[in-house]
Amino acid sequence: MTTANLTREETAARSAAVTAQRIRVELDLTGAPDGERTGFPSTTTLEFAAETDETWLDFLGEEVRRVLVNGVEQEVRWDGARIAVSGLGAQNTVIVEAVGRYSRSGEGLHRFVDPVDGETYLYTQYEPADSRRVMACFEQPDMKAAYTFSIRAPRGWRVLSNQSPVSTSESDDAQSVEFAPTLPISSYITCVAAGPYHRVDAEWRRGDLIVPLGVLCRASLAPHLDADEIVELTAQGLDFFADAFAFPYPWGKYDQIFVPEYNLGAMENPGLVTFTEAYVFRGAATRAQHQARANTLLHEMAHMWFGDLVTMRWWDDLWLKESFADYMGSHASVAATGFIEAWVAFANRRKAWAYTQDQLPTTHPIVADIPDLEAAKLNFDGITYAKGAAVLKQLVAFVGEDAFFEGARRYFARHAFGNTTLEDLLVELEEASGRDVRGWSRAWLETTGVTTLSLERADGQDGSAVLVQSEPRPHRLQVGLYDLRDGVLSLRERVPVDLIDARTPVDLAPADLTLVNDSDLTYAKVRLDDRSLDAVEEALSGIADPLARALVWSALWNATRDGELPAARYLRIARRHAPAESDSALLGGVLLNAAFAVEHFVPEEEREAQRREWTESTWTALTTASPASDAQLIWARAFAAASGFDDARHAELGGMLAGEAPEGLPLDPDLRWTLLTALVATGHATAADVDAELARDRTASGRTASIGAMASRPAADVRAAAWAAAWTDETLSNDHLDAVIDGFRAGGRRDLIAGFDAEYFDRIRDAWSRRSIELAQRLVIGLFPEAGSTAAVDAWLAGNEDAPASLRRLVIEQRDHLSRALSVRAGQPRQA
């Protein structure tokens, strides 16, 4: 049995006894274009001090060929995950010659062949613990070292790493590139990319500091790469962070590369940031999509300081980088770019993710207890990112923006290139602000759960009200008072309020809409009182401020998820007011929520009628939206999604594919695939139609979409084949596995897939033990049976108490989602 999972205790013991210094990694990637080759030679030379005579190195790959310790060859003692080394002295040089394995899961060194031109592309992705798939290493964040990469690759390829090349030599068919050593960094943020990538060069200047900039993507995507916007945002972000943190950008160059089949939005490798290709818009893109890309770009840039310059000691303090970067993505968007509406998208979508995660039985404090790497992998979640960012927004309100940034500047100055814990940051914030930040931390960072805020008014006492919070925490917030006149809800005033106790008397004049947490300063679910609910049902779209509208939509959605607002009423409000929504991020979020409500929160006996109403609403809104507007495109996507469940407009759907789209609608390949898949899932298009569409779009995206469309055909044998492929076909890449799972579930056809429910529980433990965690969790989440009861889940949990904790966590979370949906459908309020 291999010991791939690493615990906090054993890694702490290793870093206490071993000090990493310099690590040299030599990779031979010349065989990558040969699809028959599964592996690549990897030689790692590690220099380190030790106060022990033995330790281990981490490596996951095909083979370990040779281990030399201080010039002496040792027997290879490798269990598949750890290489034991012994005979250590005070100073050591260990050389490991091994063979890594090319990845198709997005973990380690991912290999992709572009169907457009047959070219091969490579890139690495490591967080939290996959650098050991490429090199022998100390796989833990508190063992920083200076890394030097030397890469052999096919001649003509671009070869990149964290630093710039210092030498390049070529032979007839290969090149060797040596890179400058990095400053001290953790293994998980080292990076390599290689292939015939298209590149756009620029630079950023700050006084005497000149930072070369690069924007890269696959050659076949080059016509769609809007590098000018990306370079402009990069310069704006670097200007902002250089001032905000008073610490010059330390990593030399700043390359940003968009890579295929990526598991994340992006990754903050210093000097070589990797992004999903979804941010290279090959068709029409809304302002919300551009804003989301800008937010991600700035999020990763914030990591150059929060995470890369100063790194958490262990994954317990993952929030020390992710919460801050998530906050900074929105803050810097507003402060430094043209996307001044960034906090609207944050309030609407990111906080919804946090509220959902925080109500699960597996919720955890922002500062979490992470005993091992499997737990760390699952904690890249809505708590660590979105709740942490929302709480930091409250911290800024608590200490003041100037003190917040002054504390950050002191933190970077004191801990540059080191590792920290929560206490290290609190010291700096408390000194900078003079406030009780530790008390604030205990209330916000070290507790779980989301507070619900509601308003009680006493009859006959105009200004007398009480703000009630379900779980008392200190909040500094504002209450907005709005008057309804002629279909418009106008702000009268915002009243600042400090909450500490469970019940806080406040002087609030009556208003048609009383919006608690106006301006979205704190992290809490908000309930609308009856008068406010009636007002927004009449005039939600008549609120001028998009952030206020976002908070109202959020309040409505949370009440729906908790079973306090009937799903039918939420959908009625959405059908009435979403067509007038002008903010594209807000509109997109509302439409996704509405579609989810139809499938999960509407009672089964009412679902068919609600599906039909939703399809008709999306069609009407699409055909009446302004031509070539963001709204038109968003409604078209919603119409296509709705039509996968209800075929009332299949003729119109087919007409759009035949060229009869509403005026101004850009019928790009991605939208065509969504429309066609809806027709396939409802039996109005065939495999031949899918083949014909693939002939029009022989790209990577087209190939993935065709796999999903084929699997969505409404036939029992097709769904059975998709089921079997998901579990057994290990040639499927990460994206292709997702497509198969989506096809299997297409159209909500429980009549075609319910027969596999019992088999799911027979398969998940084996899948967890055999597949990488990235692919295993896709199977466990994506194929979870949405049954009519939780009995089968409960039986599995009772009979598998010895299952890996991370697997049990995923099953428990899916059970909770199912339980919530069943409760809401039954009209039973669900608070947690």
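Between Glu652 and Glu660, every side-chain heavy-atom pair lies at or beyond the 4.5 Å cut-off. Between Arg771 and Arg778 there is no side-chain heavy-atom pair separated by less than 4.5 Å. Residues Lys387 and Lys351 fail the side-chain proximity criterion, which asks for heavy atoms closer than 4.5 Å. At a threshold of 4.5 Å between non-hydrogen side-chain atoms, the residues Asp226 and Arg293 count as touching. Side-chain contact between Asp562 and Arg820 is present, with at least one heavy-atom pair separated by less than 4.5 Å. When side chains are defined from C-beta on, Phe744 does not count as touching Leu752, because their heavy atoms never get closer than 4.5 Å. Residues Tyr385 and Asp381 have side chains not in contact (no heavy-atom distance under 4.5 Å, counting atoms from C-beta outward). Put simply, the side chain of Tyr760 reaches to within 4.5 Å of the side chain of Ile764, judged on heavy atoms.
Here Lys525 contributes atom NZ and Asn517 contributes atom CG; the two are 14.0 Å apart, rounded to the nearest 0.5 Å. The distance from atom CZ of Arg719 to atom CZ of Phe756, rounded to the nearest 0.5 Å, is 10.0 Å. Of the inter-residue distances, the one linking Leu513 atom CG with Leu484 atom CG reads 9.5 Å to the nearest 0.5 angstrom. Here the straight-line distance linking atom CG of Asp689 with atom CG of Leu679 works out to 8.0 Å at 0.5 Å rounding.
Using the six-membered ring where Trp is involved, Phe761 and Trp796 have ring planes that are tilted, between 30° and 60° apart. Note: Tyr279 and Phe281 have perpendicular aromatic rings, judged against thresholds of 30 and 60 degrees for the angle between ring planes. Between His650 and His684, the ring planes lie parallel to each other; the angle is under 30°, not in the 30° to 60° tilted range. Ring-plane geometry between Phe596 and Phe601 is classed as perpendicular, the angle between the planes exceeding 60 degrees on a 0 to 90 degree scale with a lower cut at 30.
A centroid separation of less than 6.0 Å is found between the aromatic rings of Tyr355 and Tyr523. Checked against the 6.0 Å centroid criterion, the rings of Trp727 and Trp723 qualify as a close aromatic pair. Checked against the 6.0 Å centroid criterion, the rings of Phe346 and Trp353 do not qualify as a close aromatic pair. Aromatic rings of Tyr262 and Phe275 (six-membered ring for Trp) have centroids beyond the 6.0 Å cut-off, not under it.
A donor-acceptor pair shorter than 3.5 Å can be found between the side chains of Glu813 and Thr362. When only modelled atom types and interatomic distance are considered, Asp735 and Thr704 share no side-chain donor-acceptor pair under 3.5 Å. Checking Thr682 against Asp647 by side-chain atom types alone, no donor-acceptor pair falls below 3.5 Å. Between the side chains of Ser819 and Asp816, no donor-acceptor pair is found at a separation under 3.5 Å. Using a 3.5 Å distance cut-off with no hydrogens or angles, the side chains of Ser220 and Asp114 do pair a donor with an acceptor. A donor-acceptor contact under 3.5 angstrom links the side chains of Asn593 and Arg349, judged on distance only. Side-chain contact of Ser643 with Arg649: a donor-acceptor pair under 3.5 Å is absent, judged by distance alone.
Annotation: Glu608, atom CD; neighbour count of heavy atoms from other residues, nucleotides and ligands within 6.0 Å does not exceed 12. Within 6.0 Å of CD1 in Ile340 there are 12 or fewer heavy atoms belonging to other residues, nucleotides or ligands. When the shell of 6.0 Å around CD of Gln828 is examined, it contains more than 12 heavy atoms from other residues, nucleotides or ligands. Few gaps surround CG on Asp751; more than 12 heavy atoms of other groups in view lie less than 6.0 Å from it.
Scanning all heavy atoms of the two residues, the minimum distance from Tyr482 to Ala548 falls at OH-CB, 3.4 Å. Contact between Asn348 and Ala585 at its shortest, heavy atoms only, is ND2-O, 3.5 Å. Residues Ala678 and Gly644 come closest through the heavy atom pair CB-N, 3.6 Å. Between Ala638 and Leu591, the shortest heavy-atom distance links the atoms CB-CD1, 3.7 Å. Taking every heavy atom of both residues into account, Gly782 and Ile741 meet most closely at O-CG2, 3.5 Å. Of all heavy-atom pairs between Ala568 and Gln610, the closest is CB-NE2, 3.8 Å.
Between Ser541 and the choices His577, Arg549, Arg576, Glu581, the side chain to side chain donor-acceptor pair (under 3.5 Å) rule is met once, by His577.
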Report task. Would you check, one step at a time, whether the test salt bridge (Lys or Arg N to Asp or Glu O under 4.0 Å) holds for Glu564 with Arg830? Result -> CA-CA 8 Å; Glu564 295 192 6; Arg830 173 74 183 272; over 6 Å; no
Query raised in the report: Given Phe380 and Leu264, is the side-chain contact (heavy atoms from CB on, under 4.5 Å) satisfied, shown in steps?
Result: CA-CA 10 Å; Phe380 288 80; Leu264 308 174; over 6 Å; no
Query - From CA spacing to verdict: side-chain contact (heavy atoms from CB on, under 4.5 Å), Asn295, Ser330 - result: CA-CA 6 Å; Asn295 188 292; Ser330 295; 3.2 Å; yes
Query raised in the report: Can Asp646 and Thr615 be said to form a side-chain hydrogen bond (donor to acceptor under 3.5 Å, both in side chains), step by step?
Result: CA-CA 7 Å; Asp646 174 73; Thr615 303; 3.2 Å; yes
Query raised in the report: Under the salt bridge (Lys or Arg N to Asp or Glu O under 4.0 Å) criterion, do Arg612 and Glu616 qualify, and how do the steps go?
Result: CA-CA 6 Å; Arg612 180 62 47 85; Glu616 292 301 317; 5.2 Å; no
Requested in this report: Could you walk me through whether Arg750 and Asp757 pass salt bridge (Lys or Arg N to Asp or Glu O under 4.0 Å), step by step?
Outcome: CA-CA 10 Å; Arg750 285 287 298 162; Asp757 288 358; 2.6 Å; yes
**Report entry** Audit row: Leu779, Leu737, side-chain contact (heavy atoms from CB on, under 4.5 Å) steps and yes/no
**Finding:** CA-CA 8 Å; Leu779 292 166; Leu737 177 60; 3.9 Å; yes
Query raised in the report: For Arg569 and Asp534, what are the C-alpha separation, side-chain angles and deciding distance, and is it a salt bridge (Lys or Arg N to Asp or Glu O under 4.0 Å)?
Result: CA-CA 11 Å; Arg569 190 174 185 186; Asp534 291 341; 3.1 Å; yes
Query raised in the report: Step by step, would you call Leu732 with Val740 a side-chain contact (heavy atoms from CB on, under 4.5 Å)?
Result: CA-CA 9 Å; Leu732 291 172; Val740 169; 4.1 Å; yes
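Of the possible polar contacts, one joining the Arg825 side chain to the His600 backbone as a donor-acceptor pair under 3.5 Å is found. A donor-acceptor distance shorter than 3.5 angstrom exists from the side chain of Arg607 to the backbone of Val598, with no hydrogens or angles considered. Put simply, the side chain of Thr363 never gets that close to the backbone of Gln359: no donor and acceptor are under 3.5 Å apart. Listed for the Ser733 side chain is a donor-acceptor partner under 3.5 Å among the backbone atoms of His736.
Applying the side-chain hydrogen bond (donor to acceptor under 3.5 Å, both in side chains) test to every pair with at least one member in residues 667-678, sequence neighbours left out, gives these pairs: Arg282-Asp670, Arg672-Glu693, Trp673-Asp697.
Remark: Arg531 engages Asp512 in a salt bridge (Lys or Arg N to Asp or Glu O under 4.0 Å) (not counting sequence neighbours).
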